[in-house]
Amino acid sequence: MTAYDAAFARCAEQAGIDILLVGDSVGTVVLGYDSTVPVTLDDMIHHTAAVARGAKHAHIIGDMPFGSYQTSDSEAVRSASRLIQEGRASSVKLEGGARAADRIQAIVGAGIPVMGHIGVLPQTAGLGPGFRLRTNRERLLDDARAVQDAGAYAVVLEVVAPEIAAEITAAVKIPTIGIGSGPSCDGQVLVLYDMLGLYEDPPSFVKQYADFGTQTVRALTQFASDVASRKYPAS
Ligand code: KIV
């Protein structure tokens with residue numbers, strides 16, 4: 001599950017969730033940006049450290065934001081090291097298949113475990129088919145193998161056609177973690193605020209397990225009304 005702060009990290013751990021992804025989705029769901037592109041490495045370190053303070057046992061993955069690993073292997077290693085050292089992440093994640101293989105290899109070579117991420121790549125969605133279902137079988141299989149061969153310990157498959165996600169899961173030795181990619185992946189991840197129902201219009205594959213949006217508005221309306229009518233606080 002994704003998490004962005006200490007409070008929800010604690011809740012996720014109490015629910016038995018053992019891997020927390022501090023995704024750069026923090027940019028859209030928490031910080032109010034309309035994409036993940038403006039999220040900085042300092043933003044990610046800030047939120048990763050908050051999750052680390054709230055979680056006692058979970059494996060915490062710090063997402064590498066746009067601009068923190070694209071320029072060179074050494075930049076990628078430096079950014080990943082900051083997520084580990086300052087953000088107290090257990091591992092890092094970065095977007096890209098075959099084209100990101102060198103970066104993955106460099107970071108793993110520096111002793112930092114890396115999760116890959118293929119299929120829909122939100123940081124560069126503007127360049128290609130956006131957030132549409134990925135169906136290019138050969139390319140997706142090549143990407144998954146490239147990420148595995150570069151040393152990644154797992155790979156996220158985002159909005160990959162379910163039959164191709166199943167094929168990738170069978171073809172690679174590392175665990176596949178699906179989001180919008182059907183039931184055959186080894187694990188699943190969702191954006192926390194989407195599954196809690198904080199947004200009215202989540203992606204179609206999201207199952208909303210709660211309606212926090214409505215409940216929050218209801219609670220706040222009650223508070224405002226109680227204060228205005230002097231029902232709260234009691235003497
Ligand atoms: O940023 C994020 O939350 C992610 C998940 C959607 C996999 O990358």
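Just follow the structure's listing: the first ligand is 1, and inside any ligand the first atom is 1.
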Kindly compute the distance separating NE2 (H57) from CD1 (I60), expressed to the nearest 0.5 Å. 11.0 Å

Would you call E75-R78 a salt bridge at under 4.0 Å N-O? yes

For residues T2 and Y193, determine if any side-chain heavy atom of one lies less than 4.5 Å from a side-chain heavy atom of the other. no

Apply side chain to side chain donor-acceptor pair (under 3.5 Å) to E158 and H117, showing your working. CA-CA 7 Å; E158 180 161 355; H117 181 156; 2.9 Å; yes

N/O to N/O under 3.5 Å, ligand 1 against protein:
| unit_1 | atom_1 | unit_2 | atom_2 | d |
| --- | --- | --- | --- | --- |
| ligand 1 | 1 (O) | D24 | N | 3.1 |
| ligand 1 | 1 (O) | D24 | OD1 | 3.0 |
| ligand 1 | 1 (O) | S25 | N | 3.0 |
| ligand 1 | 1 (O) | S25 | OG | 3.3 |
| ligand 1 | 1 (O) | D63 | OD2 | 3.3 |
| ligand 1 | 3 (O) | S25 | OG | 2.5 |
| ligand 1 | 8 (O) | K93 | NZ | 3.0 |

Nearest 0.5 Å, please: how far is CG in L31 from OG1 in T36? 11.5 Å

Would you tell me whether Y4 and S25 have side-chain atoms, one donor and one acceptor, within less than 3.5 Å of each other? yes

